[in-house]
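One structure is given here, and the rest of the page talks about it.
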2 protein chains.
Amino acid sequence: MTVDREESARTLLEVVPIIMQGIRLEMRNRRLLDLTVPQFRVLAFVNRNKGSSLWEVANHVGLTPPSMSRLVDGLIARGLMARKDDPDDRRRVQLTVTGRGQAILETVTQGTLSYLADKLGDLDADKREAIDNAMEALRTVFAIPHGDGR
Amino acid sequence: MTVDREESARTLLEVVPIIMQGIRLEMRNRRLLDLTVPQFRVLAFVNRNKGSSLWEVANHVGLTPPSMSRLVDGLIARGLMARKDDPDDRRRVQLTVTGRGQAILETVTQGTLSYLADKLGDLDADKREAIDNAMEALRTVFAIPHGDGR
DNA sequence: TTAAATAGTTGTAATATCTAATTATTAGCA
DNA sequence: TGCTAATAATTAGATATTACAACTATTTAA
């Protein structure tokens with residue numbers, strides 16, 4: 001089978017946005033505890049990197065600091081995150097996920113995983129292994145640390 | 001190597017949003033001819049399905065008809081698409097991409113493919129083959145017709 | 001010890017997106 | 001046939017999201 005970079009790129013460009021669309025719909029369609037994808041990514045990142053600064057989160061998620069400041073405002077207003085001053089550098093803030101935030105993160109994560117696992121359930125094991133291998137390769141290429149991303 | 005559905009799903013959920021973020025930044029960062037991802041997907045879909053109705057495009061891209069109506073307004077205002085009445089059913093509208101729209105679509109597509117191909121260039125052929133196989137599997141699972149999606 | 005750099009927030013504006021209501025047209029059926 | 005229901009699209013109105021520029025507070029370093 002011929003595998004040239006251009007063709008692989010084209011396939012990625014066709015497939016990735018549609019998977020993303022499924023993930024987005026899944027996350028938004030749960031009454032009251034819905035999250036946008038950026039909100040989800042912020043919660044997941046901060047949950048794994050407790051005490052992250054605003055800049056770190058903004059950088060990870062790909063938003064500007066002002067946008068992230070407002071996004072965090074919203075999550076704090078919903079009681080999902082907390083912001084406190086960094087005692088070592090009082091310009092910085094330390095972000096954390098509240099218990100309630102963790103609960104919602106967990107629920108949304110599980111729901112989304114079920115959605116995806118359900119889709120993947122139609123595939124036989126070797127296809128799923130191909131997906132795992134591919135994602136592993138893509139993970140390195142897009143510089144995503146293990147068990148971190150989202 | 002153990003490959004269970006749950007684990008594959010988790011990996012997808014970690015990796016896909018980050019690839020998407022790269023695609024989004026790439027598409028937006030070209031002065032004057034920038035497109036949002038939904039705009040890009042609309043142009044790509046209509047270009048391959050000339051005369052699509054508003055509902056068909058909205059359905060494909062995952063937006064409501066009112067949102068799509070406004071999105072299309074914007075693309076028409078930029079001279080990238082045209083809207084005309086369907087003679088067979090005058091409730092419907094037939095959407096097409098203008099020459100200018102095709103040109104911009106082409107440029108943005110090529111730019112994004114270069115971005116992706118560049119990333120993929122760091123991988124050896126068997127990794128790229130794994131990616132192709134995985135995308136092929138995902139394509140069927142998410143019901144993405146060949147050479148269509150975006 | 002003050003100028004420059006850094007972290008974050010606020011002001012303002014442009015998009016993007018939704019639900020509900022409205023208009024126009026077609027389809028179904030008694 | 002003629003009326004009702006269904007469908008396709010748009011408009012109205014509201015809310016979210018996001019950006020850039022300007023500002024405040026704090027730290028670094030010359």
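Each chain gets a letter, A, B and so on, in the order its sequence line appears, and its residues count up from 1.
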* Which sits closer to the 5' end of DNA chain D, A:Pro65 or B:Gln94, going by the nucleotide each is nearest to? ->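 Its nearest nucleotide being more 5', the pick is B:Gln94.
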Using 0.5 Å steps for rounding, measure from the [atom1] atom of [X] to the [atom2] atom of [Y].
| X | Y | atom1 | atom2 | answer |
| --- | --- | --- | --- | --- |
| B:Leu113 | B:Asp118 | CG | CG | 12.0 Å |
| B:Leu71 | B:Ile76 | CG | CD1 | 10.0 Å |
| A:Thr109 | A:Phe40 | OG1 | CZ | 3.5 Å |
| A:Phe142 | B:Ile19 | CZ | CD1 | 5.0 Å |

* Using purine N1 to pyrimidine N3 plus N6-O4 or O6-N4 for Watson-Crick, or N1-O2 and O6-N3 for G-U wobble, both under 3.5 Å, which nucleotide pairs with D:dA16? ->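 The answer is none; no pair meets the criterion.
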* Structure fact -> When both distances are under 3.5 Å in a Watson-Crick or G-U wobble arrangement, the nucleotide paired with C:dT15 is none
* To do: State which residues pass side-chain contact (heavy atoms from CB on, under 4.5 Å) with A:Thr64; sequence neighbours excluded, sorted by chain then number.
  =>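 Checked A:Thr64 against side-chain contact (heavy atoms from CB on, under 4.5 Å); matches are A:Pro66, A:Ser67.
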* Asked: Considering residues, nucleotides and ligands other than B:Lys127, do more than 12 of their heavy atoms fall under 6.0 Å from its NZ?
  -> no
* When you look at NZ of A:Lys50, are more than 12 heavy atoms from neighbouring residues, nucleotides or ligands closer to it than 6.0 Å? ->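 Atom NZ in A:Lys50 is packed in, count exceeds 12.
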* Pair B:Asp85, B:Gln94: side-chain N/O donor-acceptor within cut-off below 3.5 Å -> no
* Would you say B:Trp55 and B:Val46 are hydrophobically clustered, going by side-chain heavy atoms of ILVMFWY under 4.5 Å? ->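 No, no single cluster joins them.
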Roughly how many Å is it from [atom1] in [X] to [atom2] in [N], rounded to a whole number?
| X | N | atom1 | atom2 | result |
| --- | --- | --- | --- | --- |
| B:Glu56 | D:dT7 | CD | P | 15 Å |
| A:Leu35 | D:dA16 | CG | C1' | 14 Å |
| A:Asn59 | C:dT6 | CG | C1' | 15 Å |
| B:Trp55 | D:dA6 | CH2 | C1' | 14 Å |
| B:Asp34 | D:dT18 | CG | P | 16 Å |

* **Residue-level proximity of residues 77-92 of chain A to DNA chain D when a heavy atom falls under 4.0 Å** =>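 Under 4.0 Å from DNA chain D: A:Asp89, A:Arg90, A:Arg91.
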* Structure fact -> Heavy-atom contacts, protein to nucleotides 11-21 of chain C, under 4.0 Å, summarised as B (base), S (sugar-phosphate only) or - (none) per nt, yield BB---SSBBB-
* To do: For D:dA16, measure the glycosidic angle (O4'-C1'-N9-C4 for a purine, O4'-C1'-N1-C2 for a pyrimidine) and name it syn if it falls within 90° of 0, otherwise anti.
  => syn
